[in-house]
Amino acid sequence: MAVAADAAANNFLLIAVDDLRPLFGRSYGMEEVLTPNVDRHFLDRNGSVMQSSYVQIAVCGPSRASILTGRRPDSTHVGVQGGDMVNEWCWCQRSGCKKDEMFITLPTYLAEHGYATAGTGKIFHPDACTRMHAPDYGSYVSHKVGDDDRAWNYGSYGVEGELVKPYAGPVEQNSEEQFGSYPGPLFPIFNFTTGLSWMKSDLPDDAQPDGQLANDAIERLANFSEGGIGGSEDNRPFFLAVGFHKPHLPHIVPRKYFDLYETDNVSLPPNPNVPVDFLEENWHANGNVEIMSYKNNDAAFNRSSGLFGFHKPVSDDKARELRHAYFAATSFIDVQIGKVMDALDEYGFANNTVVALWSDHGWHLGDTNSWCKMTNFETGTRNTLMWRVPGQTPTSQGRNSRLVEMLDFFPTVVDLLELPAMNKCEGIDQPPTVACLQGDSYADEFFPNKFGKSNANKTLAFSQWAYPTWQSPGASVFRMGYTVRSSDGYRYTKYVPYDDNVTFSGNWTADVGPGELYDYNEDPHETTNFVNNPSYAPLVERFEAALRKQYDPQS
């Protein structure tokens, strides 16, 4: 039985999707990648498809830590150390996860302001806080170690440990018994093996982890309805967070999604080579290592064989194979999202629920000779962000070009739900004990007459990626690559020595060589680094000053 809609109940549904690049369907102008459900529920229902949204760091855990705390990576200290990555991706590690010294996260903020809060799937990064807590895999997969357990007050968190496995005991990851991407390679239930990066599964959607997560989310919406939450019988609104794993590797989804595409007809990247005048020391630290870790990619990415290298992209056949698998995984997750959105309608919540769908970063599919994430390029830092806000102004609807950072997500949600605003952080950094946010709300985009235009003139988005020496042959110091993307079509990246242990800041007085300047107006696919071109010198000076103002404590 659906509850009656109540305009006073500001419910919030968050759908987080891992590794979903904003190049799909009608929503983002790449109709080759079939996403009819997302297109239908956002683009066709007067939502906003943000075309110029950027994350602060292009990798899962650190990006999620930034989004959910409203702080930049230099403040969270997550993803800036370049060591054993997942063990340094805990959102509360700056304070050692001490109970009274942690950042306020968005889910906790909503719980503290009267929301019935429930979640399922990957919102915070799983198992990222094992240094703070003892991991407990048990007979199931643990997702709890890494979460903010202050956040959830309506039912238990839907951890992946509750998923039903279609097999018993450990299996090899390239076994036909494999199902989906969670928990991933080298975990106990896969006998610590790394298997195939893609597979056509004969299991149905409901046997896949993400299919089960979609069903769990639908059940939670039903529970809200039955309990009178978020509607006319109870003025307490709900917050439901749903985190899907696909299209994260490995791309193991039901066969029918692969059958939507013909490998020979799959497009190739428009820019398969590294940019002209791009330095090799800045290429080694990118995400190629992730795609190379799967056994079916050993030969194609073997540098010693001469088949792959800095100036040698993988073969067209291999590129099409891997792009096909990613497209199939994207179409699979589109169906799961559609199920949840259909249930929102079924239970009467469509007209009183703010809906946001985001990905934690973009995803490379061979462009700039890059695969996966972990870069400062456009395809790595630009992410999927979609909104559906009841009553939003027509000017905000459709493919929206406003420049936003994911740092702005937290304050925007607070404004849209008409909750007390948190203070803006002062200076470059403040400790976790100071309740503040570093981003700016853009709620005025949806309701220009209600909200002040706090960041209507934002023209710059900032991101970063760490380059330790062990990943950057030829570099003599640990560097941070800071990058700024402008609304007028440029990107400038600067590399500076970085203290990843004490100050968590860059040394802007040192010169470690030229950076990068990309002109998307003339060169939309980053084929050339223009930083040494004299005609671009004024732009380099402009963006150098912007980076220093944003990141240099001495500026």
Side-chain angles (χ1 to χ4, degrees), residues 54-59 61-83 88-106 108-109 124-125 128-129 132 148 376 381 404-412 414 421-441 454-455 458 460-468 478-485 493-510 543-555:
Y54 295 89
V55 298
Q56 276 45 77
I57 186 167
V59 73
S63 179
R64 290 165 185 265
S66 177
I67 295 168
L68 295 168
T69 64
R71 302 290 195 103
R72 296 188 186 277
D74 281 357
S75 288
T76 64
H77 298 179
V78 182
V80 297
Q81 294 168 302
E88 295 176 350
W89 286 358
C90 180
W91 66 272
C92 56
Q93 67 188 32
R94 178 171 174 175
S95 62
C97 295
K98 296 177 182 177
K99 184 175 181 180
D100 298 325
E101 299 179 19
M102 296 190 292
F103 290 109
I104 292 293
T105 66
L106 176 58
T108 292
Y109 189 79
F124 294 87
H125 196 280
C129 299
M132 313 301 165
D148 182 356
N376 276 329
T381 58
V404 299
E405 296 179 280
M406 286 307 294
L407 197 73
D408 304 325
F409 185 79
F410 192 152
T412 300
V414 168
M422 289 178 63
N423 292 331
K424 181 75 180 289
C425 294
E426 297 179 359
I428 290 178
D429 179 42
Q430 287 192 277
T433 51
V434 177
C436 65
L437 301 173
Q438 291 179 318
D440 298 294
S441 170
S454 59
N455 79 343
K458 175 174 277 194
L460 302 175
F462 298 90
S463 309
Q464 62 190 94
W465 184 251
Y467 293 81
F478 187 114
R479 299 165 301 142
M480 182 64 68
Y482 291 105
T483 188
V484 56
R485 174 60 154 91
T493 302
K494 176 76 172 182
Y495 300 90
V496 300
Y498 188 79
D499 181 352
D500 67 331
N501 187 45
V502 179
T503 66
F504 294 91
S505 61
N507 178 4
W508 290 84
T509 64
F543 295 131
E544 176 88 11
L547 284 176
R548 288 177 178 270
K549 181 179 179 181
Q550 180 62 58
Y551 291 108
D552 182 8
Q554 307 304 319
S555 64

Straight-line distance of [X] [atom1] to [Y] [atom2], nearest 0.5 Å:
{"X": "Ile104", "Y": "Tyr109", "atom1": "CD1", "atom2": "OH", "result": "9.0 Å"}
{"X": "Asn376", "Y": "Lys494", "atom1": "CG", "atom2": "NZ", "result": "14.0 Å"}
{"X": "Asn501", "Y": "Gln81", "atom1": "CG", "atom2": "CD", "result": "7.5 Å"}
{"X": "Phe124", "Y": "Arg64", "atom1": "CZ", "atom2": "CZ", "result": "10.0 Å"}
{"X": "Lys424", "Y": "Glu426", "atom1": "NZ", "atom2": "CD", "result": "10.5 Å"}
{"X": "Ser66", "Y": "Phe410", "atom1": "OG", "atom2": "CZ", "result": "11.5 Å"}

Would you sort out whether Asp74 and Gln464 count as a side-chain contact (heavy atoms from CB on, under 4.5 Å), showing the intermediate values?
CA-CA 9 Å; Asp74 281 357; Gln464 62 190 94; 2.9 Å; yes
Partner residues of Thr108 under the side-chain hydrogen bond (donor to acceptor under 3.5 Å, both in side chains) criterion, sequence neighbours left out
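For Thr108, the residues satisfying side-chain hydrogen bond (donor to acceptor under 3.5 Å, both in side chains) (neighbours in sequence not counted) are Thr105, Asp148.
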Heavy-atom closest contact ([X] atom, [Y] atom, distance):
{"X": "Gln438", "Y": "Asp429", "value": "NE2-CA, 4.2 Å"}
{"X": "Gly481", "Y": "Tyr467", "value": "N-CD1, 3.8 Å"}
{"X": "Trp89", "Y": "Gly61", "value": "CE3-N, 3.8 Å"}
{"X": "Ser63", "Y": "Ile57", "value": "CB-O, 3.2 Å"}
{"X": "Arg71", "Y": "Cys425", "value": "NE-SG, 3.6 Å"}
{"X": "Glu101", "Y": "Pro432", "value": "O-CB, 3.2 Å"}

Apply side-chain contact (heavy atoms from CB on, under 4.5 Å) to the pair Glu405 and Ser463, showing each step before the final yes or no.
CA-CA 9 Å; Glu405 296 179 280; Ser463 309; over 6 Å; no
Do the side chain of Gln56 and the main chain of Pro73 share a donor and acceptor less than 3.5 angstrom apart?
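A pair under 3.5 Å: no.
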Would the distance check show the side chain of Asp440 and the main-chain N or O of Asp408 forming a donor-acceptor pair, the cut-off being under 3.5 Å?
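Looks like no, no N/O pair under 3.5 Å.
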According to side chain to side chain contact (heavy atoms under 4.5 Å, CB included), who are the partners of Gln550, at least two apart in sequence or on a separate chain?
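Gln550: side chain to side chain contact (heavy atoms under 4.5 Å, CB included) contacts with Arg72, Phe462.
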Can you list the residues that meet the side chain to side chain contact (heavy atoms under 4.5 Å, CB included) rule with Ala510, with sequence neighbours excluded?
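In terms of side chain to side chain contact (heavy atoms under 4.5 Å, CB included), with neighbours along the sequence ignored, Ala510 is linked to Pro497, Asn507.
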With heavy-atom distances below 4.5 Å as the criterion, would you say the side chains of [X] and [Y] are in contact?
{"X": "Tyr54", "Y": "Thr483", "value": "no"}
{"X": "Val404", "Y": "Lys458", "value": "no"}
{"X": "Phe504", "Y": "Asp499", "value": "no"}
{"X": "Val59", "Y": "Trp465", "value": "yes"}
{"X": "Ser505", "Y": "Met480", "value": "no"}

Quick one, Trp91 with Met102, criterion side-chain contact (heavy atoms from CB on, under 4.5 Å). Give me CA distance, side-chain angles, the key distance, then yes/no.
CA-CA 9 Å; Trp91 66 272; Met102 296 190 292; 3.6 Å; yes
Checking disulfide bond (SG atoms under 2.5 Å apart) for the pair Cys97/Cys90: CA distance, chi angles, key distance, verdict?
CA-CA 9 Å; Cys97 295; Cys90 180; 3.5 Å; no
Given the ring of Tyr495, does Arg479 sit roughly above its face, with NZ or CZ under 6.0 Å from the centre of the six-membered ring and within 45° of the axis?
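The answer is yes; both the distance and angle limits are met.
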Taking the inter-plane angle between the rings of Tyr551 and Trp508 on a 0 to 90° scale, is it parallel (under 30°), tilted (30 to 60°) or perpendicular (over 60°)?
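Parallel, since the angle between the ring planes stays under 30°.
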